[in-house]
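A quick note: this is a predicted structure, and the numbers were derived from the prediction, not measured. Values below: all heavy atoms of this structure, side chains included; hydrogens, waters and symmetry mates excluded.
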Amino acid sequence: MADPKGFMNTPRQEWPRRPVAERVQDWDEVYVPGALLPIISKQADRCMDCGVPFCHDACPLGNLIPEWNDLVSREDWRAASDRLHATNNFPEFTGRLCPAPCEAGCVLAINQPAVTIKNVECAIADRAWAEGFAPPRPPERLSGRTVAVIGSGPTGLAAAQQLTRAGHTVAVYERNDRIGGLMRYGIPAFKMERRHLERRLEQMRAEGTKFRTSTTVGRDVDAAELRARYDAVVIATGATAWRELDVPGRELAGIHQAMEYLPLADRVCEGDLEVSPLSAAGKHVVIVGGGDTGADCLGTAVRERAASVTQLDIYAQPGAERDEDTEPWPTYPKIYRLSAAHEEARDLETAPAADADARLFAASTLHFTGDADGHVRSLHLVEVDALRRPLPGTGRDIPADLVLLALGFSGPDRGDGLADQLGLALEPRGTIARDAGFATNVPGVFAAGDAARGQSLIVWAIAEGRAVAAAVDRHLTGSSRLPAPISPYDRPMAV
């Protein structure tokens with residue numbers, strides 16, 4: 001420990017956000033540029049270098065958190081970068097997008113605010129790029145083996161980078177016109193500017209990874225033919241089959257899935273469109289779903305100048321502190337969190353009738369009502385109890401010109417034909433079946449990430465990519481020195 005009393009003498013201080021009135025005028029990241037480095041060494045000092053660091057177990061990547069906290073506190077940025085990249089291919093992504101289960105597992109969090117692990121991680125990653133500590137690492141020799149990776153989200157990219165560095169020739173197939181999966185078309189730019197993604201992709205190209213965009217395997221390329229051309233195939237297509245809301249009025253115009261809405265806003269930021277066809281400008285927007293995707297829709301609608309934005313969450317409003325009986329430390333608790341988007345909605349009063357910020361808690365959608373032209377104009381909701389049963393006398397209507405459904409995902413999309421062409425076995429819930437070695441029922445075909453695990457966090461996606469890379473390397477060569485941080489059956493810590 002650089003400062004044995006750091007956790008006693010230094011209060012938690014997070015990366016400050018830009019003023020709401022300023023940041024909603026643009027799509028830049030919400031944080032004050034340059035404001036993290038001056039505070040981060042002292043924040044790293046708060047790490048207690050625990051004998052049993054539960055933050056390791058809370059993060060599926062197995063990040064060496066106490067080690068790089070100590071190095072940052074001593075301002076040894078090169079060594080900190082080495083330790084961070086030893087377990088995480090893309091810390092600049094996780095440092096911005098991960099909800100930080102590691103902080104929930106921080107031993108200090110038993111009775112004090114946790115160490116700002118996520119901020120320290122982001123600072124190391126950004127400093128590494130600024131100082132040239134993350135150069136391309138092409139293999140010394142090629143193995144002569146080829147691998148196709150289908151999907152370029154965090155799982156596919158992590159698997160591709162690991163396999164490329166192991167000496168295999170890797171091609172990544174992406175159905176969209178740009179690489180990145182949901183990090184490109186799904187995560188708003190105010191959460192992670194695309195320059196971070198582009199920089200990492202240039203590193204991967206320099207290492208030898210090939211990218212094939214605008215190619216839907218199963219439609220543009222026959223999946224069985226692709227399998228015949230490569231020594232191994234990794235399916236990392238994500239869980240893109242969105243859940244529906246089966247209530248009267250769902251057929252009305254103006255009701256869209258969140259992942260129909262968000263990619264169009266991203267394309268505006270990319271310069272492909274001047275205005276999104278689904279822009280929220282001047283509209284009363286209702287978001288059905290209380291998760292991160294709903295919050296992304298909220299921040300996007302605010303920036304598009306919606307007339308009002310309300311977010312419905314079917315769960316009751318959580319408390320400010322963890323419930324030690326139902327969610328004891330070090331599990332990740334369901335507590336009231338104020339994301340940047342919710343802070344914006346609160347300060348701008350986008351939904352005056354909401355319980356908190358823009359959210360209506362314990363609210364269930366009963367039906368939609370439209371106008372004579374068949375366009376949605378209102379949403380009828382009712383309050384529910386803990387078992388989601390409607391409470392009599394609580395029904396009401398709220399105006400809705402644009403409704404966005406953010407209800408999560410059930411598994412990979414079956415519409416592209418990939419699973420059928422390969423003859424993949426599926427789990428009852430719709431995800432791709434695999435064994436303990438990430439292998440599917442088709443020889444030489446492996447599955448990883450949300451397509452097989454189900455909807456999860458970015459740290460689990462990267463961990464799956466690293467682990468499936470080790471499995472593929474072992475399949476191709478008989479052994480592997482690549483790290484495998486998780487198995488297909490590992491799950492987040494729970495009671």
Side-chain angles (χ1 to χ4, degrees), residues 1-19 29-59 61-88 91-92 94-128 130-131 133 319-324 327-333 335-340 343 459 493:
M1 299 171 66
D3 183 356
K5 296 184 178 180
F7 67 95
M8 300 170 61
N9 299 329
T10 303
R12 178 182 169 102
Q13 185 178 2
E14 298 184 33
W15 192 356
R17 296 167 179 164
R18 294 187 289 143
E29 289 180 7
V30 300
Y31 296 104
V32 176
L36 184 56
L37 283 178
I39 67 172
I40 208 64
S41 293
K42 282 293 184 183
Q43 290 304 302
D45 265 343
R46 298 183 69 239
C47 180
M48 301 188 296
D49 192 18
C50 309
V52 181
F54 278 81
C55 54
H56 281 196
D57 290 324
C59 176
L61 286 165
N63 282 331
L64 307 172
I65 295 166
E67 293 185 33
W68 41 257
N69 273 330
D70 178 64
L71 292 165
V72 167
S73 71
R74 302 174 191 275
E75 300 195 0
D76 188 345
W77 293 98
R78 180 182 290 276
S81 174
D82 290 343
R83 302 311 291 149
L84 179 56
H85 282 94
T87 58
N88 188 350
E92 66 274 26
T94 54
R96 289 172 166 84
L97 303 178
C98 182
C102 54
E103 294 187 15
C106 174
V107 173
L108 185 58
I110 293 175
N111 60 1
Q112 291 190 45
V115 176
T116 54
I117 298 170
K118 178 178 173 179
N119 283 179
V120 177
E121 177 181 34
C122 197
I124 298 171
D126 288 353
R127 188 66 175 262
E131 300 291 337
F133 300 154
E321 303 291 336
R322 76 161 72 231
D323 186 330
E324 291 293 348
E327 297 175 313
W329 176 88
T331 61
Y332 190 74
I335 61 174
Y336 177 75
R337 294 180 173 88
L338 192 69
S339 71
E343 180 185 46
V459 282
M493 287 191 294

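For Asp57, the side chain to side chain contact (heavy atoms under 4.5 Å, CB included) criterion is met by Met493, not counting sequence neighbours. Annotation: ring pair (Phe, Tyr, Trp, His ring centres under 6.0 Å) contacts of Trp77 (sequence neighbours excluded): none. Taking Asp82 as the reference, nothing meets the salt bridge (charged side-chain N to carboxylate O under 4.0 Å, His left out) condition, with sequence neighbours excluded. Residues forming a ring pair (Phe, Tyr, Trp, His ring centres under 6.0 Å) with Tyr31 (at least two apart in sequence, or on another chain): Trp15. Residues passing the ring pair (Phe, Tyr, Trp, His ring centres under 6.0 Å) test with Phe133: none are found, sequence neighbours excluded. With sequence neighbours left out, Asn9 forms a side chain to side chain contact (heavy atoms under 4.5 Å, CB included) with Lys5. Residues satisfying the salt bridge (charged side-chain N to carboxylate O under 4.0 Å, His left out) test with Glu327, not counting sequence neighbours, are none. By the salt bridge (charged side-chain N to carboxylate O under 4.0 Å, His left out) test, Arg127 is found to be paired with Glu131, residues two or more places apart in sequence or in another chain being considered. Annotation: side chain to side chain donor-acceptor pair (under 3.5 Å) contacts of His56 (sequence neighbours excluded): none.
In terms of heavy-atom proximity, Ala125 sits nearest to Leu84 at N-CD2, 4.2 Å. The minimum heavy-atom distance linking Ala35 with Pro16 is given by the pair CB-CG, 3.7 Å. Summarising the geometry of Ala128 relative to His85, their closest heavy-atom pair is CB-CE1, 4.2 Å, with the distance given to 0.1 Å. When all heavy atoms of Val459 and Cys98 are compared, the pair lying nearest together is CG1-SG, 3.6 Å. Nearest heavy atoms, Ser41 versus Val72: OG-O, 3.4 Å.
Taking OG1 of Thr10 as the start and CD1 of Ile39 as the end, the distance is 11.0 Å to the nearest 0.5 Å. How far CE of Met48 is from CG of Asp3: 13.0 Å, rounded to the nearest 0.5 Å. Atom SG of Cys59 and atom CD1 of Ile117 lie 9.0 Å apart (nearest 0.5 Å). Put simply, CG on Asn69 and CZ on Arg83 are 13.0 Å apart, with the number rounded to the nearest 0.5 Å. Once rounded to the nearest 0.5 Å, the distance linking OG1 of Thr94 with CD of Glu121 reads 3.5 Å. In this structure, the separation between CG on Asp49 and CD1 on Ile65 is 12.0 Å, given to the nearest 0.5 Å.
Inter-residue side-chain proximity for Ser81 and Pro91 is flagged as unmet; no heavy-atom pair is nearer than 4.5 Å. Cys102 places none of its side-chain heavy atoms less than 4.5 Å from the side chain of Lys118. By the 4.5 Å heavy-atom criterion applied to side chains, Gln43 and Asn119 are not counted as neighbours.
The salt bridge (Lys or Arg N to Asp or Glu O under 4.0 Å) pairs that include a residue from residues 30-42 number zero, where partners must be two or more places apart or lie in different chains. Legend: salt bridge (Lys or Arg N to Asp or Glu O under 4.0 Å) pairs involving residues 98-116, not counting sequence neighbours, sorted by first then second residue: Arg12-Glu103.
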Show me, pair by pair, the donor-acceptor contacts under 3.5 angstrom made by side chains of residues 104-114, not counting sequence neighbours?
none

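More than 12 heavy-atom neighbours from other residues, nucleotides or ligands sit within 6.0 angstrom of CD on Glu324.
Side-chain atoms of Glu14 do not come within 3.5 Å of backbone N or O of Thr116 as any donor-acceptor pair. At least one donor-acceptor pair under 3.5 Å links the side chain of Arg18 to the backbone N or O of Glu29.
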Subject >> Check against salt bridge (charged side-chain N to carboxylate O under 4.0 Å, His left out), Asp126 and Arg96 >> reply: CA-CA 11 Å; Asp126 288 353; Arg96 289 172 166 84; 2.8 Å; yes
